[in-house]
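Each residue takes its place number in the sequence, starting with 1. Here the structure is a predicted model, which is why all the values come from computation and not from measurement.
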Amino acid sequence: MIIFSLLAEVSPFSGKCDTVGEVQALADGIVAYKLGSSGSGSVQDWINGSLSSEAGASAEWYIVTLSQSGNYDFSAYESALCGYLSANDVSSASSREKYALALIASGSTSSYIEEAIDSSVGQQGIMSLVYGLHILNNGYTSSSFSAESVADQIISMQFADGGWAVIGSYGDVDVTAMAVQSLAPQYDSNSAVRDSVDRAVDFLAAKQQESGGFKSMGVENPESSAQVLTALSSLGIDCLSDERFIKSGRTVIDALETYRLSDGSFCHTEGGAMNENATVQAYYSLVSYLRMCSGQSPLYVLDNRRPQDIERPSDSGDSGLSGGTGSSGGGSSQSARTDSPGGGVSQVTDSGDDPDIPSDDDTPTDEQTTQGTMTSSVNSARTTTTNVQSSLITTAYSAASTSKGNFGKGSSQTTSSFADSNASSVTSSTVQTGSYGQTSSRKSGGYKVGAVIVIWGSAAVVCLILLILKKRNWKNFLAVVIIAGGATAVVLLTDIRSADDYYSGESSVKENAVGKVTMTIRCDKVAGENENIPEDGIILDVTEFQIEEGDSVYDILTEAAQSYGIQVDNTGSGFVYIAGINYLYEFDFGDLSGWIYHVNGESPSVGCGDYILSDGDRIEWLYTLELGNDLLEEE
């Protein structure tokens, strides 16, 4: 652990990676960080401890990656995940497929794996096809689908520009890379796949930035680079030497390394704090590259696969979740695979597919575009925000991980996941409108005069007591005055209000208004599903708000939260991402679910804090189950 920690701190990475050894060190640094942060003494301890305790929440992509980078015992994790699946009804198709992949990676023979194919493939758009094809590529079968038929479906969804996306008619880097990852195992045997993938590779090469990295939803981020690195490695394309993917002397790995922190983890935005979605996607992409260099299979063709040993459900209705040998070794593990101390592939002499969609829990995101993205549990998303999403993934997607409208990387992934997962969650009730240039029509602060009188009255009483006790040193009186003065300053500089005062029940009146906008908040797709969701799906009906110069969509949402008592959770580092409204959160209804905003019927490509409003704009906050794709179809 000490050696790995020192390696992460002092390795001479200068933003340019030229050797396989340097790539190995980057992967080892991530493992060292995770061991240290989880208090684990070894990779096996990490698997048996925190990863098993996070089964079903945020451990899956680490398990998949570890299974492809060393020989470990995953029986504790498999048991924990089977327990989670037995106790929970997983509504998201892409999540079911993600869990199936994690079971395969752990060497399980649970029938849940093949059940996930039948119940999930194609049920949630492109990402459920991508994840489903990963399962089929590992030799598992279905009476309804084959690897070839699903590949044909994915190819049929390719756009004219050579890419794929969750919504719209133009390719998205994260989604395209993830589609390529799933098609790669058929590249040599299927001419249609070869032609499709070649077009996609040209698309990705054209989208590469001068930094060596990639953008998703208009924002450069590490998750997009990770998805492309995984895709290229699954095809046997070495990004360190292939001129198509070297721009201004910089490679995809150089761009990815830009987001590496001194402790070995990765951030979502350059200079930002550690981001779980960015870290796990960086990890599996680096392992994918190392596997390619050592002649091993793509990341998502899993060494521990055991389709021939699958447990079939019994007549009694046994779901097969209890079954599985717990062995981590079956299948076609190759002799080149060794147990590297860092959890990566051991040093090689030569020059996967990821489910995190632009954004999380699913992480990936899950389309991370996203978002996701998407790769965290609902609880973790509320406090640190996975996803996505999610472009997708993590949509994105964490859903992979950049955002669609509100959906963002960190996310989100957003795809990946959907939003930046580094900032703590802030509830709208703690936000003062003055911070956003808004003037409330209700007055507050009437308590201040009385509070100041009480403070100085108390100070006078204390001084009188000091005189009576003959404690007449001037320092005593000075201390009383200083304390009273400090308390007075606190009272005068703060604005404490009751809930009734804060939630005014009406829009604020702005002295310098330059126009008006309307806003509505709806969750029709999940109307009446729980006690926090209105039966008609309307959290805020169409309501008019005044705007001042520079007001953003986020400013108006904040005003609505204050005026009408609507709970809002936002996260973000450098941008604002809305994780929950009215206690309805991203990922509550699947890895591609979350809040998205429209202005005048369109989904903007910037975050809600960056969209500046104009007179007459119509804002809609909508809850989506498929990164906005379900809303598009409805329209």
How about [X] and [Y]: do any of their side-chain heavy atoms sit closer than 4.5 Å?
X	Y	value
Ser297	Gln68	yes
Leu183	Gln186	no
Leu240	Ile246	no
Gln209	Glu220	yes
Leu81	Glu60	yes
Ser265	Ile30	no
Asn304	Phe74	yes
Glu270	Tyr259	yes

Heavy-atom closest pair, residues [X] and [Y]:
X	Y	result
Ser285	Ala226	CB-O, 3.3 Å
Gln208	Val252	NE2-CG2, 3.6 Å
Pro222	Cys267	CG-O, 3.2 Å
Arg260	Leu26	CD-CD2, 3.2 Å
Gly213	Ser225	CA-OG, 3.5 Å
Ala200	Thr176	CB-CG2, 4.0 Å

Scan side-chain atoms only and decide if [X] and [Y] contain a donor-acceptor pair under the 3.5 Å cut-off.
X	Y	result
Ser120	Arg96	yes
Tyr187	Asp198	yes
Gln181	Gln227	yes
Ser149	Asp152	no
Gln296	Ser294	yes

Check for a donor-acceptor pair, side chain of [X] on one end and backbone N or O of [Y] on the other, with a separation under 3.5 Å.
X	Y	result
Trp46	Val31	no
Glu22	Thr19	yes
Ser106	Leu103	yes
Ser593	Phe587	yes
Asn137	Ala147	no
Asn138	Leu302	yes
Ser128	Gly122	yes
Ser40	Ser42	no
Asn275	His268	no
Asp161	Tyr170	no

Roughly how far, to the nearest 0.5 Å, is the [atom2] atom of [Y] from the [atom1] atom of [X]?
X	Y	atom1	atom2	value
Asp195	Gln158	CG	CD	9.5 Å
Ser182	Ile154	OG	CD1	3.5 Å
Gln281	Leu286	CD	CG	11.5 Å
Leu101	Ile63	CG	CD1	13.0 Å
Ser52	Tyr77	OG	OH	8.5 Å
Ser288	Leu232	OG	CG	9.0 Å

Can you say whether the rings of Tyr611 and Tyr597 are parallel (under 30°), tilted (30 to 60°) or perpendicular (over 60°)?
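Perpendicular: the ring planes of Tyr611 and Tyr597 meet at over 60°.
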Is it true that Arg291 and Asp303 make a salt bridge, defined as a side-chain N closer than 4.0 Å to a carboxylate O?
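Here Arg291 pairs with Asp303 in a salt bridge, since their nearest N and O are under 4.0 Å apart.
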Option among [options] that satisfies the side-chain contact (heavy atoms from CB on, under 4.5 Å) test with [X]:
X	options	value
Phe266	Leu261, Thr258, Val280, Thr279	Thr279
Ser69	Val287, Val64, Leu290, Leu299	Val287
Val173	Lys207, Met178, Lys215	Lys207

Derivation and outcome, side chain to side chain contact (heavy atoms under 4.5 Å, CB included), residues Ile135 and Val121:
CA-CA 10 Å; Ile135 300 173; Val121 173; over 6 Å; no
Determine whether Trp164 and Val130 satisfy the following criterion, side chain to side chain contact (heavy atoms under 4.5 Å, CB included), listing intermediate values before the conclusion.
CA-CA 11 Å; Trp164 285 268; Val130 167; over 6 Å; no
Are Val201 and Phe245 close enough, and set up right, to give a side chain to side chain contact (heavy atoms under 4.5 Å, CB included), and what steps lead you there?
CA-CA 10 Å; Val201 170; Phe245 291 94; 3.9 Å; yes
Determine, stepwise, if the pair Ile113 / Tyr99 fulfils side chain to side chain contact (heavy atoms under 4.5 Å, CB included).
CA-CA 8 Å; Ile113 298 168; Tyr99 296 137; over 6 Å; no
Pair Lys34-Glu276, salt bridge (Lys or Arg N to Asp or Glu O under 4.0 Å): steps then yes or no
CA-CA 10 Å; Lys34 294 302 296 185; Glu276 190 63 60; 3.1 Å; yes
